[in-house]
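Encoded as structure tokens, the structure appears first; notes follow it.
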Amino acid sequence: MLVAHAHDQATFPAHHRQADWKRRFALFSIAVGALLISVAGLFAWKHVSSPASYHYELGAVVPAGELDAWASLAERQVVVRRASIIAADQQPLAELELAEVSSGPVLLKWKSRVDDPFLTVGTSAQDVSALAQVLQRHMPKDGLVLGWWDTSRQLQLLGGTPVRFGKHLGLPLFVPQRWRSQSADIESIERAFWKAGNAGEERVQFQRFANALLSDEASGMAELQAIAGGRPAVLVLHVRDAILLGQMDSRRLGVAFTDLGALSDVHGMVRRVHDWLDHNRYPAYAMLQDKDSPVRAVALTDAASGKTLAARLLPFMGNDQQDVAGATLVYRVGGFVVYELAPQARP
């Protein structure tokens, strides 16, 4: 379950003198105007009349010198382009970068301009790039990566990594509450832009993968090994995946998060995190840091959530840290953890 963040409301005292009412009214108007300006960005999506009114707008090609973590794509003549999501009133809702490939655009970078999460939640480009290089060097030829579909597409693009889920599946989508009744329209817009064609069977298998991560560790591991189908397999997970799984089934995995701003005062940030955990009685948490995003704390909201396979495999402090049978930790970078899966037991 995603926990909504409450925002303070400003109140203004009432005065009954009549002599200076014009001056007070002017000050009141200025104060209200400032308040409206300050919250406009936070609640920008509320001013969009209809989800069907937003569209993707392609922008300029990203110069090779600005690709950073994606620099290897320029060497292969893969075009990386900037894009935006624009509302009907021309308000920007999100900014992104994507690679243009024959199978459809691959999302590389995502930044919401309204309440986060909006549509999706991204990961660090630097961490994905580092992970792709490691997998390229150490994956066996007949190996297979099990991971979230968007991460899998990035790894496949960067290093030719063999992945189980290589299509744009578009789930879950983080749809603002007021847009829920038109979710079908949003899904149509997303499928059209990302060229997500017939992926019915892969969606079914990905739901099976997500269900395994939401199960207890014994049955979840057995299901992952079955999905691997006898091939040598590694499991790639990211702390962000817990947020996505919580969106898919909050009854089995309760997740909350809070953004803490830039990492400047470490001790102050630690106090804020623990105050947040104590206030809400969250039993376990993990931290995410990306140079282009604020530091984020992600928490499990109850003890039962900590018993799911995903929570047992991800580095949640305060949760059970014992090894999970059948999974061997082989690599960590940023919010990513990589496990080698034991082969499926033969009957």
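Residues: numbered from 1 along the sequence shown.
By the criterion of side-chain heavy atoms lying less than 4.5 angstrom apart, applied directly or through intervening Ile, Leu, Val, Met, Phe, Trp or Tyr residues, Tyr339 is grouped together with Leu146 in one hydrophobic cluster. A chain of hydrophobic side-chain contacts below 4.5 Å, direct or via other Ile, Leu, Val, Met, Phe, Trp or Tyr residues, connects Met317 to Trp276. A single hydrophobic cluster is seen to contain both Ile243 and Leu245, as judged by linkage of ILVMFWY side chains at heavy-atom distances under 4.5 Å, directly or through other members.
Salt bridge Glu95/Lys111: absent, no basic N to carboxylate O contact under 4.0 Å. Under the 4.0 Å criterion applied to side-chain N and carboxylate O atoms, Asp249 and Arg252 are assigned as salt-bridge partners. Taking 4.0 Å as the cut-off between side-chain N and carboxylate O, Glu223 and Arg208 count as a salt-bridged pair. A salt bridge links Arg240 with Asp150: the closest approach of a Lys/Arg side-chain nitrogen to an acidic carboxylate oxygen falls below 4.0 angstrom. Arg296 and Asp259 are joined by a salt bridge, as a carboxylate oxygen and a charged side-chain nitrogen come within less than 4.0 angstrom of each other.
Within the 4.5 Å cutoff, side-chain heavy atoms of Tyr56 are placed close to those of Phe193.
No side-chain N or O of Ser188 forms a donor-acceptor pair with one of Asp185 less than 3.5 Å apart.
With sequence neighbours left out, Glu202 forms a side chain to side chain donor-acceptor pair (under 3.5 Å) with no residue at all. In this structure, Gln136 has no side chain to side chain donor-acceptor pair (under 3.5 Å) partners at least two apart in sequence or on a different chain.
Judged as a ring pair (Phe, Tyr, Trp, His ring centres under 6.0 Å), the pairs with a partner in residues 207-247 (not counting sequence neighbours) are, in order, Phe165-Phe209, Phe206-Phe209, His238-Phe336.
For the salt bridge (charged side-chain N to carboxylate O under 4.0 Å, His left out) with Arg81, the qualifying choice from Glu97, Glu100, Glu66 is Glu100, the only one to do so.
When ring centroids are compared, Tyr282 and His274 stay outside the 6.0 Å threshold.
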